[in-house]
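Each remark here refers to the structure printed beneath this line.
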2 protein chains.
Amino acid sequence: MLTEKELELVRQEGLKVDNLLCFALYAASRTAVDAYRPLLGKIGITYPQYLVMLLLWEQEPRTIKEIGTALYLDSGTLSPLLKRLEKKGLINRQRDSQDERLVNISLTGEGHALKEQVRDLPETLFCQIGWPLEDFGSLVKRLHDLTGRIYAAQTGG
Amino acid sequence: MLTEKELELVRQEGLKVDNLLCFALYAASRTAVDAYRPLLGKIGITYPQYLVMLLLWEQEPRTIKEIGTALYLDSGTLSPLLKRLEKKGLINRQRDSQDERLVNISLTGEGHALKEQVRDLPETLFCQIGWPLEDFGSLVKRLHDLTGRIYAAQTGG
DNA sequence: TGATATTGTATTGTACACAATATATTTAGT
DNA sequence: ACTAAATATATTGTGTACAATACAATATCA
C-alpha cells in the first residue's frame, strides 16, 4: 500500500503532534465548537444539543437509536442529553407503543419555534470565518470520506 | 465577501447536519480517536494523554501553560489529566523555583520508555485506514489553516 | 411454543472539556 | 517599596463521551 520510502516518512514524522491528522481534526473540531458556543449560549443550548435539534427540524419523530446513528453517538451520551432537552421544554420523550424498547423523540411547540432563532446562524459563522465557499464543500466531502474510511477499517468492513 | 447567490445557498443548506463543516469535523475527530482507543488502551493511556506524552517526548520539561497552548486545552482540563499521568508514574510535576506560579512537567524513566511501545502506532493506523499519503499532508494543512482562521476570527484578529 | 440470540435503552463509572471563580505570584508603574 | 494589573494554577460545577453492564422486548429457529 505504501512504498518503503513513504513508510519511513510516516515513522519519522508520525510522532510529532503537528503532523498528526487526528490532532488536526481534534483541534479543529474543538475550535469550531468554540465558535458556536457564544451564539448557541444565547438560546441556551450546547453544540451536541444543537445537532440533535437540527435532525429533528429536518424530520420527526426519531428514535434515540436513529439519532445516535446519524450523529455517531451512543445511548450513554444521548440519554442524559435528551433528558436535558426535555427539561428545557424543547422535546418530548415517548415510548413507542408498537415496540416498547423504542423511545420516540419529537419537538414541542417551543422546540419548533427555536428554529427561527438559529436561521441565520450558519451564515453568521460562515462570514465570520471567511472561508472560501468552494473549499468549504470539498473539505466537508473529504472529512465525510475520511470518517467513513476509518469507521469501515474499524468494523473490518 | 459572498455573493447574494452564495449566501442564499448557505441559508438553504446550512441547517442540514450533513452540510455542516463543524459536524464533519466533530464526527471525524471522534471517529479518529476511536481508532486510537484500542491501541492506546493496551498501554493504559487515553488520546489526550497520548498528545501530552508526544509533546514531552519532543521536548521537556514544559509548563502546564505551554502544554495547554500547544494542544488548545486549558488548566481545567490539564490539571486533572496530568495528575492521572503522574499517578501512572509516567511524569513528574514540580513547581518552578524561579517562578512559583509555574508547574514543570517532566518525564519519568517509565515515561521515556513508553515511547518505544508506541513507535509504530502511527504507521499501524495509517495502513489501517489506507488514506493516500498526498491527501494526508494536504488535509492536515487545510485543517491547521482552518483552525487558525476560526481562532483568529474569535479573538478579533 | 420455548429457548436463544439480538436489539434498544438505561445506568454506572471514568475521563475529558470548558466556564466561572478563587488564590497566589510576579510584573509594572509610581 | 507599594499598589494595581497581569499571569498561572487550582477548584467547582455542568455537560458531554464512551466502556461496561443490566434489563426488557422482539425476533428467530428448532
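What you see below is based on every heavy atom in this structure, not just the backbone, and it leaves out hydrogens, waters and symmetry mates. Letters A, B, ... mirror the listed sequences (proteins, then strands); counts begin at 1. Note that the structure is a prediction, hence the values are computed from the model and not measured.
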### Query
Is Ile91(A) reachable from Leu102(A) through a run of hydrophobic residues whose side-chain heavy atoms are each under 4.5 Å from the next?
no
### Task
Considering only heavy atoms of chain B and a distance under 4.0 Å, specify the first and last nucleotide of DNA chain D in 5' to 3' order that meet this criterion.
dT7(D) to dA19(D)
### Message
If the cut-off is 4.0 Å, is Arg37(B) near the phosphate of dA15(C), judged by side-chain N/O to OP1 or OP2?
### Response
no
### Query
For the pair made of CD in Gln98(B) and P in dA24(C), what is the distance, rounded to whole Å?
22 Å
### Task
Take atom CG of Asp34(A) and atom C1' of dC18(C), then tell me their distance rounded to the nearest Å.
8 Å
#### Entry: Rounded distance (Å) that lies between atom C1' of dG8(C) and atom CD1 of Ile105(A)
13 Å
### Query
Which part of the nucleic acid, if any, lies within contact of Thr46(B), taking any heavy atom under 4.0 Å across all strands shown: a base, the sugar-phosphate backbone alone, or nothing?
sugar-phosphate
### Query
What is the distance, rounded to the nearest whole Å, between atom CG of Leu82(A) and atom P of dA10(C)?
8 Å
### Message
Quick check: Phe126(B) with Phe136(B) (ring centres under 6.0 Å apart)?
### Response
yes
### Message
Applying a strict under-4.5 Å side-chain criterion to I, L, V, M, F, W and Y, I'd like to know whether Leu39(A) and Val118(A) cluster together.
### Response
yes
### Query
Given that Pro80(A) and Pro48(B) both sit by DNA chain C, which one's nearest nucleotide is further toward the 5' end?
Pro80(A)
## Note on the structure
Leu102(A) CG to dT7(C) C1', in whole Å, measures 9 Å
### Query
Where does the angle between the aromatic ring planes of His144(B) and Phe23(A) fall among parallel (under 30°), tilted (30 to 60°) and perpendicular (over 60°)?
tilted
### Query
Between Leu81(A) (CG) and dA10(C) (C1'), how many Å, whole number?
15 Å
### Task
Establish, for the pair Arg149(A) and Tyr151(A), whether the NZ or CZ atom is under 6.0 angstrom from the six-membered ring centre and no further than 45 degrees off its axis.
no
### Query
Looking for any heavy atom pair under 4.0 Å, which part of the strands does Glu66(A) touch: base, sugar-phosphate only, or nothing?
nothing
### Query
If you find the nucleotide of DNA chain D closest to Arg101(B) and the one closest to Gly76(A), which residue's nucleotide is nearer the 5' end?
Arg101(B)
#### Entry: Side chain of Arg95(A) (C-beta onward), nearest among dA10(C), dT26(C), dC16(C)
dA10(C)
### Non-hydrogen atoms of Ile67(A) and Val52(A) that approach each other most closely
CG2-CG2, 4.1 Å
### Query
Leu78(B) near the nucleic acid: base, sugar-phosphate alone, or nothing, with a heavy-atom cut-off under 4.0 Å?
nothing
### Arg62(B) side chain near Asn104(B) side chain, heavy-atom distance below 4.5 Å
no
### Task
Verify the contact: side-chain N or O of Arg84(B) to OP1 or OP2 of dT14(C), cut-off strictly under 4.0 Å; return yes or no.
no
### Task
Take the protein atom CD of Gln94(A) and the nucleotide atom C1' of dT9(C), then report the distance between them rounded to whole Å.
16 Å
## Note on the structure
From the candidates dC16(C), dA10(C), dT26(C), the one with an atom nearest any side-chain atom of Asp99(B) is dT26(C)
## Note on the structure
Quick note, Ile64(A) side chain, CB onward, closest among dT7(C), dT9(C), dA15(C) is dT9(C)
#### Entry: Between dA15(C) (C1') and Gln49(B) (CD): distance, integer Å
8 Å
### Query
Checking all strands, does Ser75(B) fall into the base, sugar-phosphate, or nothing category for heavy-atom contacts under 4.0 angstrom?
base
### Query
Is there a side-chain contact between Ile105(A) and Thr63(A), using heavy atoms and a 4.5 Å cut-off?
no
